[in-house]
Amino acid sequence: MEVTPNHTQAVSGWAAMDASGKVVPFSFKRRDTGVDDVTIKVQYCGMCHTDLHFINNDWGITMYPLVPGHEITGVVTRVGTNVSGFRPGDRVGVGCIAASCLDCDHCRRSEENYCDKVTLTYNGIFWDGSVTYGGYSDMLVAHKRFLVRIPDSLPLDAAAPLLCAGITVYSPMKQHGMLLGEAGRSLGVVGLGGLGHVAVKFGKAFGLRVTVISTSPAKEREARESLKADDFVLSTDQKQMQAMARSLDYVIDTVSAQHSLGPILELLKVNGKLVLVAAPDKPVELPSFPLIFGKRTVSGSMTGGMKETQEMMDLCGKHNITCDIELVSTDRINEALARLARNDVRYRFVVDIAGNGSRL
């Protein structure tokens, strides 16, 4: 399991041992709490679609045994001697990143997610050569740089998915000026799932007119009534799509299935911006005419850096933004994974690692 002698802290968790799609109880050891480390008792861990891809080895890079989970919230139990920003009892979170080089231009700008040597919270190789194990476990040791403080106003369970889904949509929204509160600006959100529903919440919190774009007519009621979206467009209905042509300043595309960007680009105003935050397993279709004749821009974005993640979490605390979740006990992780594979969740599963129930 670990390849260094300083891994002495016994941990109970849940791991995939092969590509069967199942996780099983798994005992392993984590590193000692180093001088720059923070040890956390894990309370909750969100279940991301990425977990499913790694469990099934969909991308051919999984290192088994795999302990998934990168939407982790918990309470500090111990800190290293060089740690001054955290103390035992603090409510904290760990997202997608376990380590980076700390010295490149990206790291100096707190864009650790784009560091060439970034190490993921699970299925990565840490500085000491060990394989990283994620949040489907009862404790975690994190370097002080790679955790954030959870505001007291946010429940730890519903805040957990913000550490991936939240920052994944917040980062490009900030980069492209969507959160400046400019009157009359409009946002389209393609797909209403774990990422999409948070994008809608951010858009509404910052005064944007939000349109949900979906292939599912059943999502309209959810979008309008539960999430207070201003408009809903069925992307398979050509008349609805044509009626919305050139009406949006921004679009965030959260769909992980293969699809054409052409019809979506037509919804943008001249000089509009489309951001991809999902990763379809096959290339998306990108026709040139909607780009050329609309002076439109297509870009991508992947999670966010640590400074930005703390900023997002603080804003969520201020605006009371959380994820809509379904809490899952540890004995039902496999059931939840099976439902996640069918997209049968509104909108994020969160594993109750500590068995505390909801609303800590």
Side-chain angles (χ1 to χ4, degrees), residues 2 4 6-7 9 11 13 30-46 48 50-51 54 67-88 90-137 139-151 156 159-168 170-171 301-314 316 353:
E2 66 277 349
T4 55
N6 69 328
H7 286 229
Q9 300 197 77
V11 185
R30 292 200 186 275
R31 70 181 186 273
D32 297 340
T33 306
V35 294
D36 293 312
D37 286 337
V38 176
T39 295
I40 305 157
K41 177 177 172 56
V42 178
Q43 302 287 341
Y44 301 101
C45 186
C48 178
T50 299
D51 299 347
F54 272 109
V67 178
H70 58 206
E71 301 177 345
I72 307 157
T73 56
V75 177
V76 175
T77 58
R78 191 186 312 170
V79 299
T81 56
N82 288 347
V83 177
S84 59
F86 300 96
R87 62 184 180 181
D90 284 349
R91 305 162 83 248
V92 296
V94 174
C96 302
I97 307 172
S100 65
C101 81
L102 305 181
D103 194 43
C104 67
D105 288 342
H106 294 297
C107 287
R108 284 192 286 270
R109 291 194 297 263
S110 193
E111 296 177 342
E112 298 91 346
N113 50 316
Y114 295 115
C115 173
D116 287 342
K117 297 180 181 179
V118 68
T119 298
L120 300 180
T121 298
Y122 67 87
N123 203 67
I125 303 297
F126 195 65
W127 292 321
D128 63 5
S130 63
V131 175
T132 55
Y133 292 142
Y136 290 26
S137 58
M139 67 87 76
L140 184 78
V141 181
H143 186 276
K144 64 184 180 181
R145 171 123 174 200
F146 299 99
L147 72 164
V148 298
R149 191 178 302 276
I150 308 296
L156 288 178
L162 293 172
L163 292 156
C164 175
I167 187 58
T168 295
Y170 176 85
S171 181
S301 185
M302 180 188 72
T303 66
M306 297 312 303
K307 182 179 179 181
E308 201 168 54
T309 302
Q310 185 65 70
E311 176 186 283
M312 174 219 57
M313 196 63 73
D314 292 340
C316 287
I353 299 293

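Keep in mind that this is a model prediction, so the values were computed, not measured. Just so you know, these numbers use all the heavy atoms, side chains as well, and skip hydrogens, waters and symmetry mates.
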Exercise for the section: Kindly give the heavy-atom pair with the smallest separation between Val76 and Val79, and that separation in Å. Expected result: CG1-CG1, 3.7 Å

Handout entry: Side chain proximity check, Asp314 to Pro151, heavy atoms < 4.5 angstrom
Key = yes

Practice task
Let me know which of Asp51, Thr50, Thr132 forms a side-chain hydrogen bond (donor to acceptor under 3.5 Å, both in side chains) with Tyr122.
Solution key: Asp51

Exercise for the section: To the nearest 0.5 Å, tell me how far Leu140 CG sits from Arg30 CZ. Expected result: 4.5 Å

Problem - CZ/Arg109: more than 12 non-hydrogen atoms of other groups inside 6.0 Å - result: yes

Problem - Short N-O contact, Asp103 and Arg108, less than 4.0 angstrom - result: yes

Practice task
State the CZ-OG distance between Phe146 and Ser100, to the nearest 0.5 angstrom.
Solution key: 3.5 Å

Fill in the blank from the handout: Heavy atoms of Gly46 and Ala160 approach each other most closely as N-CB, 4.1 Å

Handout entry: Audit row: Met313, Ile150, side-chain contact (heavy atoms from CB on, under 4.5 Å) steps and yes/no
Key = CA-CA 7 Å; Met313 196 63 73; Ile150 308 296; 3.7 Å; yes

Exercise for the section: For Thr121 and Gly95, indicate whether the former's side chain and the latter's backbone hold a donor-acceptor pair under 3.5 Å. Expected result: yes

Fill in the blank from the handout: Of all heavy-atom pairs linking Cys115 and Cys104, the shortest is SG-SG, 3.9 Å

Handout entry: Test item: Lys144 and Asn82 side chains (from C-beta on) under 4.5 Å apart, heavy atoms
Key = yes

Completion exercise
Correct closest heavy-atom pair for Asp32 and Val141 would be O-CG1, 4.2 Å

Completion exercise
From the list Leu156, Val11, Ile353, side-chain contact (heavy atoms from CB on, under 4.5 Å) with Val42 holds only for Ile353

Exercise for the section: With rounding to the nearest 0.5 Å, note down the distance linking CD1 in Ile97 to OG1 in Thr309. Expected result: 6.5 Å

Handout entry: Non-neighbouring partners of Lys307 that pass side-chain contact (heavy atoms from CB on, under 4.5 Å), sequence neighbours left out
Key = Ser110

Practice task
Output the distance between atom CD (Glu311) and atom OG (Ser171), rounded to the nearest 0.5 Å.
Solution key: 9.5 Å

Handout entry: Min side-chain heavy-atom separation Met139-Thr39 under 4.5 Å
Key = yes

Completion exercise
NE2 (His106) and CD (Glu112) are apart, to the nearest 0.5 Å, by 11.0 Å

Exercise for the section: Using a 4.5 Å cut-off on heavy atoms from C-beta on, say whether the side chain of Val148 contacts that of Met306. Expected result: yes

Exercise for the section: Write down the atom of His7, the atom of Asp128, and the distance for their closest heavy-atom approach. Expected result: NE2-OD2, 3.1 Å

Practice task
Step by step, work out the side-chain contact (heavy atoms from CB on, under 4.5 Å) result for Asp90 and Arg149.
Solution key: CA-CA 7 Å; Asp90 284 349; Arg149 191 178 302 276; 3.0 Å; yes

Handout entry: Test item: Arg145 and Asp36 side chains (from C-beta on) under 4.5 Å apart, heavy atoms
Key = no

Practice task
Report yes if the side chains of Asp37 and Arg31 come closer than 4.5 Å at any heavy-atom pair, otherwise no.
Solution key: yes

Practice task
Mind checking the OH-CG spacing from Tyr133 to Asn123? Nearest 0.5 Å is all I need.
Solution key: 10.0 Å

Completion exercise
When Leu147, Thr77, Val75 are each screened for side-chain contact (heavy atoms from CB on, under 4.5 Å) with Ile40, the one that passes is Leu147

Completion exercise
Nearest heavy-atom approach of Cys45 to Gly135 is CB-O, 3.6 Å

